[in-house]
Amino acid sequence: MSIDKIIAEAVAKAVQALYGIEVNVESVAPQATRKEFEGDLTVVVFPWVKAARKAPEAVGNEIGQWLVENEPAVNRFNVVKGFLNIVLEPKFYNGVLKSIAADDQFGFTKATDQSPLVMIEYSSPNTNKPLHLGHVRNNLLGFSLAEILKACGNRVIKTNIVNDRGIHICKSMLAWQKWGNGATPESTGKKGDHLIGDYYVAFDQHFRAEVKELVAKGMSEDQAKEASTLMAEARDMLRRWENGDKEVRALWEMMNSWVYAGFDETYRRMGVDFDKIYYESQTYLAGKQKVLEGLDRGLFYRREDGSVWADLTNEGLDHKLLLRADGTSVYMTQDIGTAELRFADYPISKMVYVVGNEQNYHFQVLSLLLDRLGFEWGKDLVHFSYGMVELPSGKMKSREGTVVDADDLMDTMVRDARTISDNMGKIQNLSDEEKNQVAEIVGLGALKYFLLKVDPRKNMMFNPEESINFDGNTGPFIQYAYARMRSVLRRAEEAGATIGDYSQVTPCALETNLIQFLADFPAVVADAGKKFSPSVIANYAYDLVKLYNSFYHDCPILREADPAVLSLRLQLTAVTARTVAAAMSLLGIRVPERM
């Protein structure tokens with residue numbers, strides 16, 4: 001139990017005993033005492049003044065006196081108007097630390113069979129190009145959110161919807177047919193997703209050249225695009241795919257298999273995974289069927305041209321197209337179909353879509369449509385809307401080949417981590433294999449932490465150099481501090497020091513601050529889950545490490561002669577290291593034992 005909760009419960013008991021008032025413990029809400037006053041925690045007593053029929057100062061003094069006499073955690077108190085400032089018994093913190101140390105899952109709530117089942121969709125790649133920096137942020141946010149919600153006691157299903165059909169897929173296929181000369185990942189030595197991405201870029205280059213040529217002959221740009229023979233071939237390939245043409249389908253399956261193998265390799269290195277993967281090629285027909293069922297039930301309407309629409313004007317929105325006049329589906333239809341399949345597969349309590357903020361309107365509409373169609377979680381679906389990752393040079397454009405490729409980015413981060421670590425002498429005592437392992441952990445940790453420490457709703461500028469700095473609010477700073485904690489514990493063990501009884505030690509201010517901050521971890525995890533924000537965890541980890549560093553600097557550990565004090569400080573180091581590792585694990589970040 002957190003220190004705040006212990007005091008809140010004690011105050012509630014005091015108010016009941018003194019004034020016969022039933023108090024909701026959650027409403028007590030102790031806050032850290034302001035620096036200009038003596039105290040650790042402050043409780044506002046004004047809510048009970050009227051019922052007690054006494055002045056605020058009198059109520060504060062009576063509650064404070066009751067706490068001193070009945071709650072071992074309270075040492076003394078003072079009252080400033082209606083504010084009760086509580087000074088905690090220093091030795092009380094020793095018991096708090098001991099209870100934290102005894103719980104190896106401290107901060108995490110275990111799910112049961114009755115826990116809510118939350119499905120989180122993230123990644124959502126297209127099979128015409130490799131993953132890029134924008135996908136990296138999406139994947140890291142989705143995976144971290146899943147880990148946080150699990151830590152909050154939910155059952156979680158991590159899912160991915162792969163966009164494996166449509167005109168953009170056919171563009172890559174057609175370009176490979178025309179200019180690929182039978183190239184394969186094996187023959188070129190390229191990952192499959194990179195190979196297919198090259199042909200998506202090639203299609204766009206040839207298409208632009210054709211349009212430019214037609215414009216030079218007197219057409220407008222729009223006329224030239226409409227007259228493009230290359231685009232006409234791509235549209236014809238899409239029609240053949242939708243009609244089940246064996247040759248086109250075989251090509252599609254072969255090229256997609258190359259892409260999936262490439263994706264899997266990227267996901268493994270990134271450290272993200274999925275419990276279930278859905279494919280739009282399998283969901284769009286289910287969506288079409290669901291829309292037609294809604295049409296029969298009068299939930300939607302058909303226009304004269306045969307297209308099917310939803311009238312959302314009563315909800316303050318407009319009319320939304322669900323099926324085109326030719327009967328083909330749109331993205332909304334596919335999302336409805338995916339929802340139908342997911343609901344059939346799992347008894348979902350809540351559905352979370354991790355998708356950029358440019359799709360806010362789409363998910364507002366989807367929520368209304370799913371609710372109208374009878375999905376229990378439809379009205380309360382969560383669009384985890386996040387901002388875009390931008391570069392100093394501007395926005396990324398995949399069809400022009402100007403994206404920051406995810407694989408290249410990870411390679412660069414790991415290479416830079418190795419170079420910086422070598423130059424700083426941080427890994428000089430390790431073998432080459434160990435140095436490479438540390439570089440992998442630090443490089444990817446730097447990338448993940450930089451992308452996750454920012455409020456997910458905000459757009460952000462990615463700065464690789466800043467992210468891999470060993471000072472400041474960065475992943476390497478936290479990882480290095482963890483490695484130092486582990487080094488202290490190893491050296492203590494080598495010296496024969498063990499953690500004994502420290503119950504009678506009076507902790508100093510730095511030690512009590514650190515214990516109190518460690519005790520806050522469960523509340524921090526719960527807050528991150530409530531806010532759907534990995535940045536809450538990231539910044540807690542950073543603040544925890546800063547607090548430990550102050551303690552480490554001012555409180556000798558291995559040089560401490562008093563065995564009881566040494567025990568307290570080793571316990572603090574061990575619990576802090578474990579908490580840092582737990583917090584970073586919620587971000588999908590590993591921490592190295594040595595640096």
Side-chain angles (χ1 to χ4, degrees), residues 1-3 6 40 72-73 75 88-108 426-427 429-430 434 438 441 470 476-522 524-525 540-586 589-595:
M1 185 184 299
S2 70
I3 296 171
I6 291 171
D40 297 301
N75 178 280
L88 297 174
E89 171 60 47
K91 291 180 182 177
F92 160 74
Y93 285 100
N94 297 337
V96 173
L97 178 61
K98 186 176 180 180
S99 67
I100 296 172
D103 182 1
D104 60 4
Q105 291 298 308
F106 183 74
F108 291 9
K426 290 187 177 295
I427 55 177
N429 296 323
L430 303 182
E434 288 174 325
V438 169
I441 293 172
F470 278 80
F477 174 77
I478 296 170
Q479 290 171 317
Y480 181 68
Y482 172 83
R484 181 163 60 185
M485 296 173 209
R486 297 299 301 160
S487 175
V488 168
L489 295 171
R490 282 194 302 272
R491 286 187 289 154
E493 184 178 0
E494 291 166 1
T498 58
I499 299 175
D501 179 30
Y502 51 84
S503 60
Q504 298 307 308
V505 174
T506 300
C508 67
L510 278 172
E511 291 163 340
T512 57
N513 288 343
L514 184 53
I515 294 169
Q516 190 160 9
F517 203 77
L518 288 165
D520 289 340
F521 185 51
V524 171
V525 174
Y540 171 82
Y542 173 58
D543 290 338
L544 176 59
V545 162
K546 285 196 299 179
L547 199 56
Y548 178 84
N549 285 350
S550 296
F551 154 77
Y552 177 84
H553 182 267
D554 292 347
C555 301
I557 301 176
L558 298 178
R559 299 195 311 274
E560 176 56 52
D562 186 326
V565 175
L566 174 60
S567 293
L568 171 65
R569 292 176 181 174
L570 288 177
Q571 186 76 280
L572 263 174
T573 300
V575 171
T576 303
R578 190 185 71 189
T579 305
V580 169
M584 296 293 267
S585 75
L586 295 179
I589 298 174
R590 293 184 291 163
V591 283
E593 292 293 307
R594 301 173 186 272
M595 276 182 70

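- Listed by chain and residue number, nothing satisfies the side-chain hydrogen bond (donor to acceptor under 3.5 Å, both in side chains) test with Asp103 (two or more places apart in sequence, or in another chain).
- With values rounded to the nearest 0.5 angstrom, Ile3 atom CD1 is found 8.5 Å from Thr512 atom OG1.
- Using a 4.0 Å cut-off between charged side-chain N and carboxylate O, Glu434 and Arg594 make no salt bridge.
- Looking at Leu566 and Ile557, their side chains come closer than 4.5 Å, going by heavy atoms from C-beta outward.
- Between Met584 and Arg590 the shortest side-chain heavy-atom distance does not fall below 4.5 Å.
- Counting heavy-atom neighbours within 6.0 Å of Lys98 NZ, excluding the residue itself, gives a total of 12 or less.
- Between Pro507 and Glu511, the closest heavy-atom pair is CA-OE1, 3.3 Å.
- Atom CG of Leu568 sits about 8.5 Å away from atom CD of Gln571, to the nearest 0.5 Å.
- Heavy-atom minimum distance, Leu510 versus Ser550: CD1-O, 3.8 Å.
- Between Glu560 and Pro556 the shortest heavy-atom distance is CB-O, 3.8 Å.
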Could you go through residues 480-497 and list every donor-acceptor pair under 3.5 Å that involves a side-chain atom there, pairing it with any protein atom two or more places apart or in another chain?
{"unit_1": "Tyr482", "atom_1": "OH", "unit_2": "Glu593", "atom_2": "OE2", "d": "2.8"}
{"unit_1": "Arg484", "atom_1": "NH2", "unit_2": "Asn549", "atom_2": "OD1", "d": "2.8"}
{"unit_1": "Arg486", "atom_1": "NE", "unit_2": "Glu593", "atom_2": "OE1", "d": "2.8"}
{"unit_1": "Arg490", "atom_1": "NH1", "unit_2": "Glu593", "atom_2": "O", "d": "3.1"}
{"unit_1": "Arg490", "atom_1": "NH2", "unit_2": "Glu593", "atom_2": "O", "d": "3.4"}

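- Considering every non-hydrogen atom in both Phe106 and Leu518, the closest pair reads CE2-O, 3.3 Å.
- Applying the side-chain hydrogen bond (donor to acceptor under 3.5 Å, both in side chains) test to every pair with at least one member in residues 572-583, sequence neighbours left out, gives these pairs: Tyr548-Thr573.
- With rounding to the nearest 0.5 Å, the separation of OG1 in Thr498 from CG in Leu570 is 8.5 Å.
- Using a 4.5 Å cut-off on side-chain heavy atoms (C-beta onward), Arg569 and Tyr502 make no contact.
- Asn75 has its side chain out of reach of Phe92: every pair of non-hydrogen atoms, C-beta onward, lies at least 4.5 Å apart.
- Between Leu514 and Leu97 there is no side-chain heavy-atom pair separated by less than 4.5 Å.
- The side-chain heavy atoms of Asp501 and Ser567, taken from C-beta on, include no pair separated by under 4.5 Å.
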Quiz prompt | Audit row: Val575, Phe521, side chain to side chain contact (heavy atoms under 4.5 Å, CB included) steps and yes/no | solution = CA-CA 11 Å; Val575 171; Phe521 185 51; over 6 Å; no
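- Between Ile589 and Gln479, the closest side-chain pair of non-hydrogen atoms falls below 4.5 Å.
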